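Here the structure comes first, spelled out in structure tokens, and everything after it is commentary.
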Amino acid sequence: MGSGAGSGGRASSSAPAIVPVVASHHKVNAEGYWVSSYNPLSADAPKLPTKAEVKASIPQHLFERSYLHSMLYVLRDTVLAGGWVYATSLCVSPHIPTEGLLSLQGLLWFTIWNVYAFWMGTILTGHWVLAHECGHGAFSPSQNFNDFWGYIMHTALLVPYHAWQFTHAKHHRRTNNLVDGESHVPSTGIENGLTEHGERESFYAVLHEAMGDGAFAVFQIWTHLVIGWPLYLMGMASTGRLNYDGTPAEDFLDHYRPGSKMFPPKVQNKIMISTIGVVFMHLLLLHLAIEHGPLPVLLWYVGPYMWTNAWLVLYTWLQHSDPSVPQYGEDEWTFVKGALTTIDRNYGIFDFFHHKIGSTHVLHHFFHEMPFYNADEATAAIKEFLGPLYNYDPTPWYQSMWRIAMTCHYVEDTKGVQYYKSFNDVPLSKDHPLTKNKAKKA
């Protein structure tokens, strides 16, 4: 998605300069942006706790899962979705007004359907998160029960449940691992079109120069939030570098083919079941489009579906990307280091709809089996235990999104400790008009 990641510093490079904020563990850089307090390259970097030590800081009853509690949230989100559909149906028709789209009635019609799509997509992201809980085993004590409900909720949103369950588990096992990670794995400068000497040669490096800093950031946001999710599922963006057996990936690592080298042979039947479910949903949507016309299907389903996709990619992107958060090569990576690269953020009212998936995510990466409704209390416990090792960025999420789109473009290598770098800091090519003008003035 987009350039795939931001540039990373070499193992010998230093992290961004920081200024402590006395009132908390938060630190900011010279521009006033939050930065992570942990720098593994620092001579006085603290010793990291073990996963067991982090777990011991959490009251054990918070790991208990409840069938009833989880199903009540499914009911809550389903009532919200049904109520929003009903309310919208009372206000607007799925047919374009006879006066045309450019009329007052047409503009009102267009506005109402966009408001519906945004909030319906926001509500359905709640179901998406609950299915994600099922995949992790956090929904109930029974994995069969979890898989039943997770399959229904994810399939309804065109997600191949078992396939994504498998790759997402790897994402958790190998978070921010530059070689064996999964999802939003940073690409290198060379992979993005820079030469070994840091000069622009092709691909995103040249595209960035042609577009300019701001336009390229907009392009990054668009590729992530609009087309990023389907591209990822098809194996065309943001996947890992290795096949299931540890060999370098040279083929598309898609989520649909049972023979995709993402998956070991033992799970191929599950992959087939997931794909059958997604195909069934596509056929159902096609049937509805034939029966009622493509426009009602587009308005009632596709619009919200696009917003749900945007939300889920946004969360993953912001949870693991920041210029001050390290990425690790195989020689440096450990589970605890990877989990500690996760960033919690405040998503305001959307925390209610999305079960706080973005504001309690550090905890989630340590203990994915904990039910989300206990995550607030557990996050408070690990925040106290971890101290400055806990990442929380108080910056509004939309400002963080823009900053990450502007600064997180590539890493320099897949070895050692790397930090995202930005094409904004790469010199323009000699043929660029601005470079020529400077040369003339000189």
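Everything numeric in this text was worked out from a predicted model, so none of it was measured. Just the heavy atoms: all of them, side chains too, but no hydrogens, waters or symmetry mates, feed the values below.
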Which atoms form the tightest heavy-atom contact between [X] and [Y], and what is the distance?
| X | Y | value |
| --- | --- | --- |
| Ala405 | Gln220 | O-CG, 3.9 Å |
| Leu62 | Pro371 | O-CD, 3.7 Å |
| Val92 | Trp113 | CG2-NE1, 3.4 Å |
| Thr78 | Val74 | OG1-O, 2.7 Å |
| Ile343 | Ser321 | CD1-O, 3.7 Å |

Approximate separation, where rounding is to 0.5 Å, of [X] [atom1] and [Y] [atom2]:
| X | Y | atom1 | atom2 | answer |
| --- | --- | --- | --- | --- |
| Trp317 | Ser238 | CH2 | OG | 11.0 Å |
| Leu130 | Met71 | CG | CE | 9.5 Å |
| Ile112 | Cys91 | CD1 | SG | 6.0 Å |

Is there a side-chain contact between [X] and [Y], using heavy atoms and a 4.5 Å cut-off?
| X | Y | answer |
| --- | --- | --- |
| Ile58 | Glu377 | no |
| Thr188 | Glu412 | no |
| Phe423 | Asn192 | yes |
| Pro94 | Trp300 | yes |
| Phe350 | Trp311 | yes |
| Pro248 | Asn243 | no |

Q: Quick one: do Asp180 and Arg173 satisfy salt bridge (Lys or Arg N to Asp or Glu O under 4.0 Å)? Show the steps, please.
A: CA-CA 9 Å; Asp180 197 26; Arg173 288 195 308 270; over 6 Å; no
Ring centres of [X] and [Y] under 6.0 Å apart?
| X | Y | result |
| --- | --- | --- |
| Trp34 | Tyr392 | no |
| Tyr73 | Phe372 | yes |
| His368 | His172 | yes |
| His361 | His320 | yes |
| Tyr347 | Tyr315 | yes |
| Trp164 | His255 | no |
| Phe367 | Phe63 | yes |
| His132 | His364 | yes |

Residues, nucleotides or ligands: over 12 heavy atoms within 6.0 Å of [X] [atom1]:
| X | atom1 | result |
| --- | --- | --- |
| Phe166 | CZ | yes |
| Trp307 | CH2 | no |
| Gln60 | CD | yes |
| Met272 | CE | no |
| Phe110 | CZ | no |
| Asn424 | CG | yes |
| Tyr67 | OH | yes |
| Leu283 | CG | yes |

Self-check item: CA sep, side-chain torsions, deciding dist, call: Lys261, Asp251, salt bridge (Lys or Arg N to Asp or Glu O under 4.0 Å)
Solution: CA-CA 8 Å; Lys261 292 183 179 180; Asp251 193 9; 5.7 Å; no
Legend entry - salt bridge (Lys or Arg N to Asp or Glu O under 4.0 Å) against Lys356, all qualifying residues, sequence neighbours excluded: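 In terms of salt bridge (Lys or Arg N to Asp or Glu O under 4.0 Å), with neighbours along the sequence ignored, Lys356 is linked to Asp376.
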Going by atom types only, do Arg65 and Ser70 share a side-chain donor-acceptor pair under 3.5 Å?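 Note: Arg65 and Ser70 side chains miss the donor-acceptor criterion.
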Ser142 and Asn144: side-chain donor and acceptor closer than 3.5 Å?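 The criterion, which ignores hydrogens and geometry beyond distance, is not satisfied for Asn144 and Ser142.
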Would you be so kind as to tabulate the donor-acceptor pairs closer than 3.5 Å made by side chains of residues 46-56, with sequence neighbours excluded?
from	atom 1	to	atom 2	distance (Å)
Thr50	OG1	Glu53	N	3.1
Glu53	OE1	Thr50	N	2.9

Sequence-distant partners of Thr342, side chain to side chain donor-acceptor pair (under 3.5 Å), two or more places apart
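Thr342 satisfies side chain to side chain donor-acceptor pair (under 3.5 Å) with no other residue.
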inquiry  = Could you walk me through whether Glu330 and Arg241 satisfy the salt bridge (Lys or Arg N to Asp or Glu O under 4.0 Å) test, starting with their C-alpha distance in whole Å, then the side-chain angles of each, then the deciding distance to 0.1 Å, before giving a yes or no?
reply    = CA-CA 12 Å; Glu330 281 280 77; Arg241 288 186 164 88; over 6 Å; no
- Query: Under the criterion ring pair (Phe, Tyr, Trp, His ring centres under 6.0 Å), which of His171, His365, His168 is the partner of His136?
  - Reply: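 Output: one option passes, namely His168.
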